[in-house]
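Here the structure is laid out as structure tokens; the discussion comes afterwards.
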Amino acid sequence: MREVRLVYFAWVRERIGVGDEIVSLPDTVVTAGDLIAFLKTRGEDYAAALEHENVIRVAIDQEHVEHDEPLGAAREIALFPPMTGG
Amino acid sequence: MREVRLVYFAWVRERIGVGDEIVSLPDTVVTAGDLIAFLKTRGEDYAAALEHENVIRVAIDQEHVEHDEPLGAAREIALFPPMTGG
Amino acid sequence: MASDSAPLSAPAPVTVRVQAEDFDTAAEIESLSAGRTDIGAVVTFSGLCREEKGVLSALELEHYPGMAEAEIRRICEEAITRFDLQGATAIHRFGRIDPGARIVLVIAASTHRQAAFDGASFIMDYLKTAAPFWKKEHLKDGTARGWVSAQDADDTARERWARG
Amino acid sequence: MASDSAPLSAPAPVTVRVQAEDFDTAAEIESLSAGRTDIGAVVTFSGLCREEKGVLSALELEHYPGMAEAEIRRICEEAITRFDLQGATAIHRFGRIDPGARIVLVIAASTHRQAAFDGASFIMDYLKTAAPFWKKEHLKDGTARGWVSAQDADDTARERWARG
């Protein structure tokens with residue numbers, strides 16, 4: 001088990017109900033995709049927020065990554081919808 | 001014979017030595033190209049200014065035309081080099 | 001051309017000026033977009049007097065009064081029809097221009113960013129090859145280097161907008 | 001990425017800001033180009049809050065502090081290397097934005113006009129798809145219409161810059 005800081009934005013944040021939290025990850029969570037699957041087991045809010053896994057974007061320590069990216073020694077992992085700035 | 005106002009710009013103006021003049025055109029001058037050929041017979045300055053006929057641009061009553069364009073009832077005909085604004 | 005495909009909405013404003021004085025870019029943007037909420041994108045192009053090797057004293061810009069304004073207006077109106085712009089502004093200076101000073105300003109406003117980029121770029125490409133302006137370089141040693149030559153690259157840039 | 005192919009000349013200035021306050025377009029252009037005579041072309045893009053049907057009260061812009069600035073800076077530095085820009089500025093607001101108000105400003109400066117146009121367009125295309133900002137619409141009747149959906153057209157616009 002290890003602890004990471006998770007941050008959420010836009011409708012991911014609204015559906016989960018918090019903007020950030022510290023979560024203990026089991027050793028079976030290796031990639032960003034593993035993290036999403038794990039979070040979906042944490043309750044209805046998480047399941048609703050992350051229902052359409054393929055649209056969820058992930059950043060590790062403030063850099064965009066694909067779902068198959070290993071989390072490595074990540075300190076901060078962000079989950080959010082496709083971006084709509086500009 | 002008919003009279004038209006001719007205006008010159010940039011190095012065409014400098015080589016001819018005047019910015020504008022009224023010129024009587026013989027009836028054999030039908031197109032813009034005819035006008036250039038006619039002007040080249042008017043002296044060394046004109047011949048030098050219009051030596052490279054293909055680069056000389058023509059506007060009839062302030063609209064760009066090709067060299068084969070008939071002068072028609074033109075009131076003002078401009079001769080100038082390729083433009084370099086912007 | 002414009003009449004066949006003109007949008008049904010109110011006509012888009014076109015502002016064209018040919019002047020010796022400098023212009024105020026912010027004021028021109030404001031004048032085009034103030035009080036409007038239908039514009040999503042504004043692209044401006046500012047052309048400045050570039051001084052490459054420390055020898056240029058100034059540019060002298062000659063123009064064909066009357067035709068210069070008319071050509072620029074025609075170019076702007078064509079851009080409005082072609083890219084469905086919501087407004088266009090083009091200001092071109094003449095006379096003496098010092099290094100670093102503004103020469104030309106083009107503004108294109110649209111609902112969408114690509115149309116605004118394309119509109120401003122189209123206006124500049126046509127303006128450089130069709131608007132009757134000529135640049136002469138004056139050097140710091142008091143001599144005139146002479147008239148700037150037209151660039152083939154400018155004709156090429158214009159040709160990419162040609163429609164078959 | 002940028003370090004391998006950086007130009008030999010002095011580094012081109014990059015200004016990036018993410019802020020709640022409005023910005024002054026003219027001051028930003030001036031700050032990028034003042035005192036320089038090597039810049040021939042400055043292109044600006046201003047993105048405004050568009051109000052289509054009279055029902056929008058405001059946009060709310062959420063962002064990822066830290067990453068937003070870092071992503072925009074990365075995008076600007078890539079544009080400078082790729083288009084040999086002489087400077088780039090990008091300012092993006094967050095928080096509540098009223099209809100007609102400014103959201104984003106991008107400025108690209110170059111010796112030549114096409115590079116300035118391409119640089120500003122490239123920065124905008126990447127900014128829309130890679131910078132962590134999200135827009136929520138609030139309606140005049142007090143309800144929230146919800147989060148703006150990402151546009152496929154924005155991904156397409158970005159893909160045209162992809163290199164094989």
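Proteins come first, then strands; the chains are lettered A, B, ... in the order of their sequence lines, and each starts at number 1.
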Q. Ignoring hydrogens and geometry, is there a side-chain-to-backbone donor-acceptor pair from C/Ser121 to C/Phe117 under 3.5 Å?
A. no

Q) Does a side-chain heavy-atom distance below 4.5 Å link C/Cys76 with C/Ile123? A) yes

**Q.** C/Thr81 (side chain) donor-acceptor with C/Glu77 (main chain) under 3.5 angstrom
**A.** yes

Q: Determine whether B/Leu39 and B/Ile16 make a side-chain contact, defined as any pair of heavy atoms from C-beta on separated by less than 4.5 Å.
A: no

**Q.** chain B contacts, top residue of C/Met67, C/Glu60, C/Gln151 (heavy-atom pairs, under 4.5 Å)
**A.** C/Met67

Q) Can you tell me if CG on B/Asp27 sees more than 12 non-hydrogen neighbours from other groups inside 6.0 Å? A) no

(Q) Using a 4.5 angstrom heavy-atom cutoff, name the option from B/Ala59, B/Ala78, B/Pro81 with the most pairs to chain C. (A) B/Pro81

Q: Determine yes or no for a side-chain-to-main-chain donor-acceptor pair under 3.5 angstrom, with C/Gln86 supplying the side chain and C/Thr111 the backbone.
A: yes

Q | Ring-ring centroid check C/Trp147 B/Phe9, cutoff 6.0 Å | A | no

Q) Taking only heavy atoms into account, what residues of residues 125-140 of chain C are found under 4.5 Å from chain B? A) C/Leu127, C/Lys128, C/Thr129, C/Ala130, C/Ala131, C/Pro132, C/Phe133, C/Trp134, C/Lys135, C/Lys136

Q: Give every residue pair that meets the salt bridge (Lys or Arg N to Asp or Glu O under 4.0 Å) criterion with at least one member in residues 85-111 of chain C, sequence neighbours excluded.
A: C/Asp22-C/Arg93, C/Asp22-C/Arg102, C/Arg96-C/Asp98

(Q) If I measure from the heavy atoms of chain C, does B/Val55 come under 4.5 Å with its side chain, its backbone, both, or neither? (A) neither

Q) Among residues 26-51 of chain C, which residues come closer than 4.5 Å to chain B, judged by heavy atom distances? A) none

Q: Using the salt bridge (Lys or Arg N to Asp or Glu O under 4.0 Å) rule, collect all pairs that involve residues 41-64 of chain B, keeping only residues at least two apart or in two chains.
A: B/Glu21-B/Arg42, B/Lys40-B/Glu53

**Q.** Close side-chain approach of B/Ile36 and B/Val58, heavy atoms under 4.5 Å
**A.** yes

Q: Let me know if C/Glu71 has heavy atoms under 4.5 Å from chain B in its side chain, its backbone, both or neither.
A: side chain

Q: Would you mind reporting whether B/Leu6 and B/Leu79 have side-chain heavy atoms less than 4.5 Å apart?
A: no

